[in-house]
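Below: the structure, in structure tokens.
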Amino acid sequence: MAKIKFIEASGAEHEVEAREGQSVMQAAMDNLVPGIIAECGGFASCATCHGYVDEGWLKKLPPPEAAEESMISSAFHVRPNSRLTCQIKVTPALEGLVVRLPVSQTEE
């Protein structure tokens, strides 16, 4: 298990335990983290699991594949550290990962 911290645009924090091999998105969904909508169910065909990976973690992740890059380019509020959380697999090396959520995915 790895602990992952999600930070909503409002600043609210949610620390969850994620199983090795599952996606960061699925860990958020399993723990009802607001702001991870995951409309496509993890197939990189939407950007509703978009998050900002804290800069210190970017080099620990594999680079995004073409499908992810394409979806990110169509997301709102894209930053250089934008990733689709459905495409990030949990490993023990991701213990402490921090993912911030864009304001565009704030539930009203």
Side-chain angles (χ1 to χ4, degrees):
M1 296 285 242
K3 288 188 180 170
I4 299 173
K5 183 185 292 185
F6 294 90
I7 303 174
E8 295 180 60
S10 68
E13 296 184 5
H14 307 272
E15 188 172 86
V16 306
E17 290 202 358
R19 292 184 317 277
E20 185 174 350
Q22 80 178 148
S23 69
V24 171
M25 176 214 72
Q26 190 60 55
M29 298 298 293
D30 289 351
N31 290 280
L32 305 175
V33 173
I36 297 288
I37 302 161
E39 288 178 351
C40 76
F43 293 101
S45 59
C46 74
T48 59
C49 70
H50 172 214
Y52 308 120
V53 173
D54 269 15
E55 297 290 332
W57 290 96
L58 288 176
K59 290 183 181 177
K60 296 180 181 183
L61 300 176
E65 294 185 6
E68 181 181 357
E69 287 181 338
S70 177
M71 289 307 333
I72 288 171
S73 70
S74 67
F76 294 107
H77 305 108
V78 174
R79 298 180 184 168
N81 59 333
S82 289
R83 292 294 302 263
L84 297 183
T85 60
C86 69
Q87 299 302 297
I88 302 170
K89 296 294 180 205
V90 175
T91 67
L94 294 186
E95 172 70 31
L97 175 68
V98 177
V99 178
R100 297 175 189 277
L101 304 176
V103 70
S104 58
Q105 290 168 199
T106 302
E107 296 180 338
E108 307 251 348

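Keep in mind the model is a prediction, meaning the values are calculated, not measured.
Annotation for Glu65: atom CD does not count as buried by contact number, only 12 or fewer foreign heavy atoms lying within 6.0 Å.
Distance check, rounded to the nearest 0.5 Å: CD of Glu95 to CD of Glu20 gives 12.0 Å. From Glu55, atom CD reaches atom CG of Asn81 across 4.5 Å, with rounding to the nearest 0.5 Å. In this structure, the separation between CD on Glu69 and OG on Ser74 is 12.5 Å, given to the nearest 0.5 Å.
A donor-acceptor contact shorter than 3.5 Å is absent between the side chain of Thr85 and the backbone of Val24. Checking side-chain atoms of Thr48 against main-chain N and O of Glu39 turns up a donor-acceptor pair under 3.5 Å. The closest donor-acceptor contact from the side chain of Gln105 to the backbone of His50 lies under 3.5 Å.
Under the 4.5 Å side-chain heavy-atom criterion for ILVMFWY residues, no single connected hydrophobic cluster contains both Phe6 and Leu84. No chain of hydrophobic side-chain contacts below 4.5 Å, direct or via other Ile, Leu, Val, Met, Phe, Trp or Tyr residues, connects Met71 to Ile88. One hydrophobic cluster, built from ILVMFWY side chains closer than 4.5 Å, holds both Leu94 and Val53. Hydrophobic clustering (ILVMFWY, side-chain heavy atoms < 4.5 Å, transitive): Val90 and Leu58 are in one cluster. With hydrophobic clusters built from ILVMFWY side chains whose heavy atoms lie under 4.5 angstrom apart, Met29 does not share a cluster with Met1.
Here the rule is side chain to side chain contact (heavy atoms under 4.5 Å, CB included) with Ile7, and of Val98, Val99, Leu101 only Val98 fits it.
Two residues are said to be in side-chain contact when any heavy atoms from C-beta on lie closer than 4.5 Å; Cys86 and Phe43 fail this criterion. Using a 4.5 Å cut-off on side-chain heavy atoms (C-beta onward), Pro64 and Gln87 make no contact.
Closest of all the heavy-atom pairs between Ala28 and Ile36 is CB-CG1, 3.7 Å. Taking both residues in full, the closest heavy atoms of Ser23 and Lys89 are given as CB-NZ, 4.2 Å, listed atom of the first, atom of the second, then distance. The two residues Ala93 and Trp57 have their closest heavy-atom pair at O-CZ3, 3.3 Å. Scanning all heavy atoms of the two residues, the minimum distance from Tyr52 to Pro102 falls at OH-CB, 3.3 Å. Between His77 and Ser104, the shortest heavy-atom distance links the atoms ND1-CB, 3.3 Å.
Remark: Glu13 engages Lys5 in a side chain to side chain donor-acceptor pair (under 3.5 Å) (not counting sequence neighbours). Legend: residues meeting side chain to side chain donor-acceptor pair (under 3.5 Å) with Gln22, ordered by chain and number and at least two apart, are Asp30.
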Could you walk me through whether Arg83 and Leu61 pass the side chain to side chain contact (heavy atoms under 4.5 Å, CB included) check? CA-CA 10 Å; Arg83 292 294 302 263; Leu61 300 176; 3.8 Å; yes
